[in-house]
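In what follows, a single structure is set out as structure tokens and then discussed.
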Amino acid sequence: MTRDSDALSDPKAMRALAHPARLMILNRLGVEGSATATEVAEIAGITPSAASYHLRMLAKYGFVEDAPPRGDGRERLWRPVDRPIRVGLLPGDQPDVRDAKVSLMLAFRREANDEAAQALAGIDQESPEWRDATSFDRRRIRVDAEEMLRLNEAIQQLIEPYSLRSREEKDAPSGARIAEVQVNMFPVAKRPVPGLPTEDHDAR
């Protein structure tokens, strides 16, 4: 959820961004800087021509733009547009807008889950200090809506000085590397109760 006036509201743009390959491409550009279609194709596991198509679609909806050329300037470079991507459900959302927002947030969630799974799978290869600094935390809290909003805002303010947007590589200490923070905060929904099975299949 977000109260930011810059939050996405165009359903076509959100559906365009929800494509898994496009999210991977945008993440690659945001972390490692400008790149060609061939370079992002390797990350996304697609052909350079497919990557070019996805980059043009991202550019069409204002998520990426042309980057300054390098070398002889014959290769087209792309970079992310310098603005955060925010999306949140609002009471007045039309059905098509709401559906597009939900699809995009689910795509964000799948990408985040995959990132965490990759980190967890490789944790044994990390140095002791990085293993000690890594956490996969989940806990329940008891709050009202205003408290949860204030808690979320406090967490965001704590993280912001370390974000890639705020801290350049030259300003970070030696040994710094790209890390990811995932913050999810939501009221726990009541799960449907499936009821008792008609037969005890495990007893056989």
Side-chain angles (χ1 to χ4, degrees), residues 1-90 93-94 96-116 118-119 156-157 159-173 176-183:
M1 295 291 289
T2 178
R3 296 184 179 183
D4 196 305
S5 59
D6 294 329
L8 293 174
S9 59
D10 181 355
K12 292 182 179 179
M14 289 184 283
R15 292 191 189 99
L17 183 57
H19 192 288
R22 291 173 194 161
L23 286 176
M24 292 179 69
I25 289 171
L26 195 59
N27 184 57
R28 157 63 177 81
L29 294 175
V31 171
E32 300 184 35
S34 60
T36 66
T38 299
E39 290 166 345
V40 299
E42 295 176 358
I43 296 295
I46 57 179
T47 65
S49 60
S52 293
Y53 169 76
H54 289 311
L55 283 163
R56 291 195 300 272
M57 290 298 293
L58 288 170
K60 176 180 178 180
Y61 292 105
F63 297 113
V64 302
E65 62 187 4
D66 285 311
R70 64 189 178 200
D72 57 14
R74 288 187 294 180
E75 293 182 308
R76 188 177 187 180
L77 289 174
W78 300 87
R79 66 183 179 189
V81 173
D82 187 20
R83 64 179 174 87
I85 296 174
R86 298 188 176 96
V87 60
L89 299 176
L90 299 173
D93 285 339
Q94 295 298 311
D96 62 330
V97 174
R98 187 186 187 282
D99 290 346
K101 286 182 175 181
V102 170
S103 294
L104 181 55
M105 286 189 284
L106 288 173
F108 285 160
R109 185 68 261 150
R110 286 191 296 269
E111 185 187 39
N113 287 341
D114 182 63
E115 196 71 44
Q118 292 290 333
Q156 298 302 326
Q157 290 175 6
I159 294 169
E160 183 57 31
Y162 303 96
S163 71
L164 295 181
R165 187 172 59 254
S166 301
R167 194 185 210 190
E168 296 184 11
E169 185 175 0
K170 63 181 178 62
D171 299 322
R177 44 190 285 201
I178 303 298
E180 178 161 325
V181 178
Q182 297 187 12
V183 179

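The shown structure was predicted, so the numbers you read here are calculated from the model rather than taken from an experiment.
Within the 4.5 Å cutoff, the side chain of L17 has no heavy atoms near those of the Y61 side chain. Between L90 and K101 there is a side-chain heavy-atom pair separated by less than 4.5 Å. L55 is listed as a side-chain neighbour of L29, based on a closest heavy-atom distance under 4.5 Å. Contact annotation: the side chain of Q182 approaches that of R109 to within less than 4.5 Å [non-hydrogen atoms, C-beta and beyond]. Using a 4.5 Å heavy-atom cutoff, the side chains of M24 and V40 are not in contact.
In this structure, OH in Y53 is found 12.5 Å from OG1 in T47, a value given to the nearest 0.5 Å. To the nearest 0.5 Å, the span separating CD1 on I178 from CD on E169 amounts to 7.5 Å. Rounding to the nearest 0.5 Å places OG of S103 at 7.5 Å from CZ of R15. How far CG of D114 is from CG of L23: 11.0 Å, rounded to the nearest 0.5 Å. Note that CD of Q94 and OG of S9 are 12.0 Å apart. Values are rounded to the nearest 0.5 Å. Taken to the nearest 0.5 Å, the CD1 atom of I85 stands 5.5 Å off from the CZ atom of F108.
Taking each heavy atom of R83 and G62 in turn, the nearest pair found is NH2-O, 3.1 Å. Of all heavy-atom pairs between I46 and A21, the closest is CD1-CB, 4.4 Å. Scanning both residues, V97 and M14, for their nearest heavy atoms gives O-CE, 4.0 Å. Contact detail for A37 and A51: the closest heavy-atom pair is O-CB, 3.4 Å. Taking both residues in full, the closest heavy atoms of P80 and L26 are given as CB-CD1, 4.2 Å, listed atom of the first, atom of the second, then distance. Nearest heavy-atom pair across S34 and L77 is OG-CD1, 4.4 Å.
Annotation: salt bridge (charged side-chain N to carboxylate O under 4.0 Å, His left out) contacts involving residues 40-55, sequence neighbours excluded, are absent. Pairs engaging residues 44-66 under the salt bridge (charged side-chain N to carboxylate O under 4.0 Å, His left out) rule: E65-R79, D66-R76 [sequence neighbours left out].
Of the possible polar contacts, none joining the R22 side chain to the L58 backbone as a donor-acceptor pair under 3.5 Å is found. Within the 3.5 Å criterion, the main-chain N or O of E160 finds a donor-acceptor partner in the side chain of S166.
By the neighbour-count criterion of 12 heavy atoms within 6.0 Å, atom CZ of R98 is sparsely surrounded, having that number or fewer from other residues, nucleotides or ligands. By the 6.0 Å contact criterion, CD on Q156 is enclosed, its count of non-hydrogen atoms from other residues, nucleotides or ligands being greater than 12. Applying the 6.0 Å contact sphere to CD of E180 captures more than 12 heavy atoms from other residues, nucleotides or ligands. More than 12 non-hydrogen atoms from other residues, nucleotides or ligands lie less than 6.0 angstrom from CG of D171.
With sequence neighbours excluded, no residue satisfies side-chain hydrogen bond (donor to acceptor under 3.5 Å, both in side chains) with Q118.
Side chain to side chain, T38 and T36 fail the donor-acceptor criterion of an N or O pair below 3.5 Å.
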